[in-house]
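Notes follow the structure.
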Number of protein chains: 2
Amino acid sequence: MSRSNTTSSPRARGVDRVISLCEQLHLHRQPMTPKELIEATGAPRSSVYELVSLLSEAGWLETTSDGRIFFGRAMHYFGLDYADHNDLLRRARPVMRQLSARFDETTQLCMLDGDKYTVMLNENGARPFRISSEVGVKVPIPWTASGRVLLGGMSREAMLGLIPEEDFVLPSGERIDIEGFIADIESTRRRGYAMTEGLVDSFACCMAVPVYEGAGPARATLCFTVGRDADETRRETLLAALREASCSLSSGE
Amino acid sequence: MSRSNTTSSPRARGVDRVISLCEQLHLHRQPMTPKELIEATGAPRSSVYELVSLLSEAGWLETTSDGRIFFGRAMHYFGLDYADHNDLLRRARPVMRQLSARFDETTQLCMLDGDKYTVMLNENGARPFRISSEVGVKVPIPWTASGRVLLGGMSREAMLGLIPEEDFVLPSGERIDIEGFIADIESTRRRGYAMTEGLVDSFACCMAVPVYEGAGPARATLCFTVGRDADETRRETLLAALREASCSLSSGE
DNA sequence: GACAACGGTCTGATATACCGGACAACAACA
DNA sequence: TGTTGTTGTCCGGTATATCAGACCGTTGTC
């Protein structure tokens with residue numbers, strides 16, 4: 001439906017081709033055949049073949065045994081360079097591990113990426129539920145508890161200017177009331193945390209607290225994703241732990 | 001001395017410029033100023049500026065507050081995609097965490113990358129010693145314990161063909177005797193592990209065991225890096241743990 | 001066996017990306 | 001104040017990267 005791929009003109013710059021190629025791989029989160037890549041990017045066949053071979057030589061991409069293409073070692077190296085260099089991520093990792101270990105729940109560090117919400121770090125509980133994390137997957141802000149925290153303190157105009165109209169429609173087709181959403185954000189800000197149930201997925205309960213960096217809006221959120229069956233006291237416990245952890249991560253600047 | 005950067009001809013392909021640009025960033029492991037990037041890559045000024053801005057827009061690079069350039073979020077996403085998708089890495093991570101937690105030592109998963117040795121995963125002990133990991137940094141094979149394990153089972157010719165002549169010279173300037181090295185590998189193979197002391201760095205003791213995937217040479221090694229002051233029984237304990245862990249990671253195929 | 005779909009390589013023409021170099025803003029310094 | 005170095009933007013010519021399409025081997029289907 002939505003042509004997410006850059007409907008690029010013919011004779012595009014190689015670098016742009018490379019970028020859209022990698023973006024497609026990230027979207028699919030699975031190795032892709034050359035054919036799929038060609039169709040997904042809209043790039044000419046010969047260009048895709050050439051670029052893939054260039055990138056493979058550099059270790060940016062790898063070809064699996066069945067001829068599919070996916071990210072290679074180099075990306076792993078570069079990604080770790082980024083994560084190691086990023087202050088917040090580096091400090092958050094051990095904290096999140098401890099949270100996950102202690103409560104055996106999935107802990108996430110979430111941030112805004114442009115006008116979308118995204119998971120930056122994911123730490124699973126012991127039970128290895130999901131095989132691949134969803135780090136870097138962009139989700140409309142109104143769909144999430146964290147989104148409500150991250151918008152805290154923003155002006156009404158800035159908020160509406162930021163969020164695309166269509167992002168207020170849930171996967172179910174239901175539309176989120178804008179006024180209610182704004183009120184939600186305000187009460188979230190006062191309360192200091194957000195908790196949503198069955199917003200995107202009907203079995204999950206999401207709780208998020210802000211992580212600050214200096215004054216201004218929250219830099220990130222720390223959150224638990226738990227089953228809806230968790231009872232009240234359990235939720236209290238988890239929230240308290242989140243608050244404490246986020247406090248240790250926040251910096252007054 | 002060694003011109004590691006691709007002394008590329010003028011009017012090079014943009015994609016190649018991008019590749020060498022990122023490689024330089026990875027080598028430096030620190031944000032770089034435009035000037036440094038220009039000098040390191042040998043690319044024209046205008047090209048670097050243009051490419052950096054293209055890549056920044058895509059989130060591949062980011063500019064720090066002081067105008068330096070480093071990897072961006074996108075790399076983090078792609079890198080995690082790679083690591084999540086890679087069977088060995090995914091399985092190794094929890095195992096390594098447990099090892100590090102139990103013994104409070106640095107655990108690493110190492111592999112060959114071309115004709116070099118490199119760390120693929122690094123799990124620090126509790127004491128946060130080194131601020132940035134060395135994942136993806138290429139090191140001559142003969143400098144390491146893991147290298148000796150990884151070469152196990154290779155023919156003499158293949159080995160000598162693989163390793164560049166200059167890689168037998170240690171950072172200290174000392175030259176590693178080739179015959180001794182080959183004998184070392186053979187005894188390592190028989191023994192089932194390698195242990196080196198003060199090879200690259202005089203304070204460390206490195207112990208490595210192979211991780212197999214099907215028949216043939218080891219796919220990777222699992223290793224501890226400990227202080228040389230660790231006594232005999234401690235070393236035995238650690239080795240036993242490594243062996244057990246590597247066994248759980250290896251697959252008969 | 002004929003036909004179609006697919007997977008990959010190769011080549012030549014041409015649109016354009018890349019680069020040299022000009023330009024401006026700013027700082028350091030004598 | 002003039003000189004020198006650095007940081008960044010912009011522009012036009014031309015070397016060349018990109019792309020259309022031909023080509024070939026393989027696979028599957030009727």
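Chain naming here is simple, since letters A, B, ... match the order of the sequence lines and numbering starts at 1 in each. As a basis for the values below, the full set of heavy atoms in this structure was taken, side chains included, without hydrogen atoms, waters or symmetry mates. Computed from a predicted model, the values in this text were never measured in an experiment.
Look at CD on Glu36(B): it is 13 Å from P on dT6(D), rounded to the nearest Å. For the pair Glu39(A) CD and dG7(C) P, the interatomic distance rounds to 9 Å; values are reported in whole Å. In this structure, the CZ atom of Arg17(B) is 4 Å from the P atom of dC19(C), given to the nearest Å. For Met32(A) and dG7(C), the CE to C1' distance is 16 Å, given to the nearest whole Å. Regarding Tyr49(A), its OH atom lies at a distance of 12 Å from the P atom of dC6(C), rounded to whole Å. Nucleotide dC10(C) holds its P atom 11 Å from the CD atom of Glu50(A), rounded to whole Å. We find that CG of Asp66(A) is positioned 17 Å from P of dC6(C), with the value rounded to whole Å. A straight line from CG of Leu54(B) to C1' of dA17(C) spans 11 Å, rounded to a whole angstrom.
Phe181(A) and Phe168(A) have perpendicular rings, their planes meeting at more than 60° on a 0 to 90° scale where under 30° would count as parallel.
In terms of phosphate contacts, Lys35(A) brings a side-chain nitrogen or oxygen within less than 4.0 Å of OP1 or OP2 of dC6(C). Within the 4.0 Å cut-off from OP1 or OP2 of dC19(C), at least one side-chain nitrogen or oxygen of Ser47(B) is found.
In terms of polar N and O atoms assigned as donor or acceptor, the side chain of Arg45(A) never comes within less than 3.5 Å of the base of dG21(D) in a complementary pairing. The base of dC18(C) sits with one of its N or O atoms less than 3.5 Å from a complementary donor or acceptor on the side chain of Arg11(B).
In this structure, Lys116(A) pairs ionically with Asp167(A), as a charged nitrogen and a carboxylate oxygen lie closer than 4.0 Å. Looking at Asp84(B) and Arg90(B), no side-chain N of the basic residue comes within less than 4.0 Å of a carboxylate O on the acidic one, giving no salt bridge. Salt-bridge annotation for Glu123(A) and Arg97(B): present, with a side-chain N of the basic residue lying under 4.0 Å from a carboxylate O of the acidic one. Remark: Arg17(A) does not engage Glu50(A) in a salt bridge, criterion side-chain N to carboxylate O under 4.0 Å.
Nucleotides of DNA chain C nearest to Pro34(A) and Arg13(A) differ in position, and the one nearer the 5' end is that of Pro34(A). Comparing Val15(A) and Ser46(B) against DNA chain D, the residue whose closest nucleotide sits nearer the 5' end is Ser46(B).
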